[in-house]
Amino acid sequence: MLDPALLRQHLAVTAERLWAARGLELPVSELEALEAERKAVQVRTQELQANRNRLAKEIGLRKGKGLDASDLLAQSQAIPQQLKGAEEQLATLQERLNAIAMRIPNIPHESVPTGADETGNVEVRRHGTPRNFDFAVRDHVEIGARHGWLDGDSGAKLSGARFTVLRGGVARLHRALAQFMLDVHTGEHGYTEYNVPLLVNQETMQGTGQLPKFEDDLFEVPLGGYRHLAIDGQAQAALRSAIMRDDRDDALALLNGIAGDLGLQTLGRVPAAMWDQMHDSEALVATLHRWLWKRMYLIPTAEVSLTNLVRDEILDGEALPLRLTAHSLCFRAEAGAAGRDTRGMIRQHQFEKVELVQIARPEQSHVQLEEMTGHAENILRRLGLPFRTMLLCSGDMGFAAVKTYDIEVWLPSQGTYREISSCSNCESFQARRMQARFRNAAGKPELVHTLNGSGVAVGRALIAVMENYQNADGSIAVPEALRPYMGGVTRIE
RNA sequence: GGAGAGGUGGCAGAGUGGUCGAAUGCGCCGGAUUCGAAAUCCGGUUUACGGUUCUACCGUAACGUGGGUUCGAAUCCCACCCUCUCCGCCA
């Protein structure tokens, strides 16, 4: 989330920057109107609250002394009702403002080149020379198929498209890669190893920015199973009628009845966005599920779990930067990638990754980004894989980042470099959502900067090793660095 | 899944309707004392949001979460979440 001050005091400039950098149009007039109203309503609400408190305190004082307070009591009678209206109005406004703010991406760092898409990315360095093959190069699918090492058909049988079964020496090589990466990061780069949950709640997904905007990219799991799916038909009909009559109180009562039946927490008021949806949509049941279901999400990257470890914490400034790493499974719905990279295991619904996360002081974070990118590059160097490092342009960066380096590994079968790591500095964007802070020199809590990077994607590293280390006879040489993890095996055949 | 206990400031822990944002102790910071230290004494020590005359002041909110009752809720009522203990099941 951007600093709210940018959306209040500097809205015009902020809108310009977002348009220039990411081609994003801010709803400026809507924000201005909501903000003006919020200010007025908040001031009025707080005045009413102050008034209530003053009278209640005075009543308490008088009663304590055994004095009569009936005049004050009479004055107080009307306040709760006025206050209820004002508080609801304020909550609705804040909800609407927040819903907009939570969907606005970060503003790129000044060192980031402006560009619309990946063609605007800038190569910053290159390492290693692609090998010359004196035989026809096979891609990882062909290499894997010969001995059943990579089995896409079985993956499809068990699960569907974008799943692959690994077998034998290649399965072991995959495991060796993950072990090797973890050992390098913990042993040489100063990271602490973590093992984290793969299934996380909504707050966690909001903290790192996957929610609310990118729900379609995630796999979700209904909590407590599918029995919560059943919504009584009569209750539904009654609710539909209340919505048509625009009767909010009745709708709320009915909603709470449904929530109670499902064993869920009841609502104090209907959230603004939910009310809008129920009004607009014929698909009432789908809307109810969306709002009432308790669900968890499979992480698309361990960045989510690792970064959220500092959510709602005030860290000791002396301890920064924190360096965290984890090897984890990652799950991605790949909703927007239909038809892309359908061959082989480049783009899977489930894959493994060793993730790097740093929690840094603001003045250090850009130095830390360079360092972390170096840590990821180091893995490829040690594996003897050619790569290049790209500075992403403004239009190609992710939602939360201010600056991102992609590391691309050479794939001989494609004759090109393919992304194997992405290292980003999010500055305070995630920290603000998470309320992740440290105590600065003045003793005041200040938002930390968060960084994350792949160190690196295990599945893609496997592909890169298979293709770059293939032999004419279809066997695969084991890179020097991995041999200790392969029981000394030098060749998979 | 069954039974029970419990969730309060950095920690421990009091508070069962009204000067309670919250006693007390520990910790931490500053000061006094001391050659110095310990001990002792004194003072201070949450966060978020908003307003403004914007390194300050004023206000609001927060005692697991969300509601309700009330002029007034940490305290009463309801729902949910989480933790702990015992039993059952299970990798």
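Note that this is a predicted model, so its numbers are computed, not measured. Below, chains carry the letters A, B, ... as their sequence lines are ordered, and counting in each starts from 1.
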Check: A:Arg433 side chain, A:Gln206 main-chain N or O, donor-acceptor pair, under 3.5 Å: yes
Inter-nucleotide C1' distance (B:rC54, B:rC49), Å rounded: 16 Å
Verdict with supporting geometry, A:His349 and A:Phe163, ring pair (Phe, Tyr, Trp, His ring centres under 6.0 Å): CA-CA 6 Å; A:His349 284 311; A:Phe163 287 90; 5.5 Å; yes
Integer angstrom distance from the P of B:rU60 to that of B:rA74: 14 Å
Cationic N near anionic O, under 4.0 Å, A:Asp250 to A:Arg245: yes
Atom P, compared across B:rC35 and B:rC11: separation rounded to whole Å: 39 Å
Within residues 38-60 of chain A, residues whose heavy atoms come under 4.0 Å of RNA chain B: A:Arg38, A:Lys39, A:Gln42, A:Gln46, A:Gln49, A:Ala50, A:Arg52, A:Asn53, A:Ala56, A:Ile59, A:Gly60
Sugar-phosphate only, base, or nothing, as touched by A:Arg439 at under 4.0 Å among non-hydrogen atoms: sugar-phosphate
is_close_aromatic(A:Phe214, A:Phe399), centroid dist under 6.0 Å: yes
Intra- and interstrand pairs of RNA chain B - dot-bracket, Watson-Crick/G-U under 3.5 Å, | marks other strand: ((((((((.[[[..)..(.....]]]((((((.......))))))(((((((...))))))).[[[[[..)....]]]]])))))))....
Between B:rG9 and B:rG13 - C1' atom distance, rounded Å: 11 Å
Side chain to side chain, A:His375 and A:His185, heavy atoms closer than 4.5 Å: yes
Along RNA chain B (nearest heavy atom to each residue), the more 5'-positioned of A:Gly268 and A:Glu87: A:Glu87
Rounded distance in Å - CD (A:Glu446) to P (B:rU47): 13 Å
Nucleotide of B:rG66, B:rU19, B:rC71 approaching A:Leu61 most closely (side-chain heavy atoms): B:rU19
Sugar-phosphate only, base, or nothing, as touched by A:Lys84 at under 4.0 Å among non-hydrogen atoms: sugar-phosphate
Ionic contact status for A:Arg437 with A:Asp312, cut-off 4.0 Å: no
For A:Trp291, all residues meeting ring pair (Phe, Tyr, Trp, His ring centres under 6.0 Å), sequence neighbours excluded: none
Between B:rU65 (P) and A:Leu267 (CG): distance, integer Å: 17 Å
Span that lies between the P atom of B:rG6 and that of B:rG15, in whole angstrom: 13 Å
Interatomic distance where CD belongs to A:Glu203 and P belongs to B:rC81 [whole Å]: 13 Å
Main-chain N/O of A:Asn106 paired with A:Arg22 side-chain donor or acceptor, under 3.5 Å: yes
Side-chain donor or acceptor of A:Asn256 paired with backbone N/O of A:Leu267 under 3.5 Å: yes
Residue-phosphate contact under 4.0 Å: A:Arg432 side-chain N/O, B:rC49 OP1/OP2: no
Sole residue of A:Leu309, A:Asn308, A:Thr307 in side chain to side chain contact (heavy atoms under 4.5 Å, CB included) with A:Arg311: A:Asn308
Closest-nucleotide ordering on RNA chain B, the 5'-leading residue of A:Pro445 and A:Leu72: A:Pro445
Same-atom distance (C1') from B:rU83 to B:rG44, integer angstrom: 34 Å
Atom C1', compared across B:rG72 and B:rG17: separation rounded to whole Å: 8 Å
Interatomic distance, A:Lys294 NZ vs B:rU65 P [rounded to whole Å]: 17 Å
Distance between C1' atoms of B:rA14 and B:rA22 (Å, rounded): 10 Å
Distance below 4.0 Å between A:Arg437 side-chain N/O and B:rA48 OP1 or OP2: yes
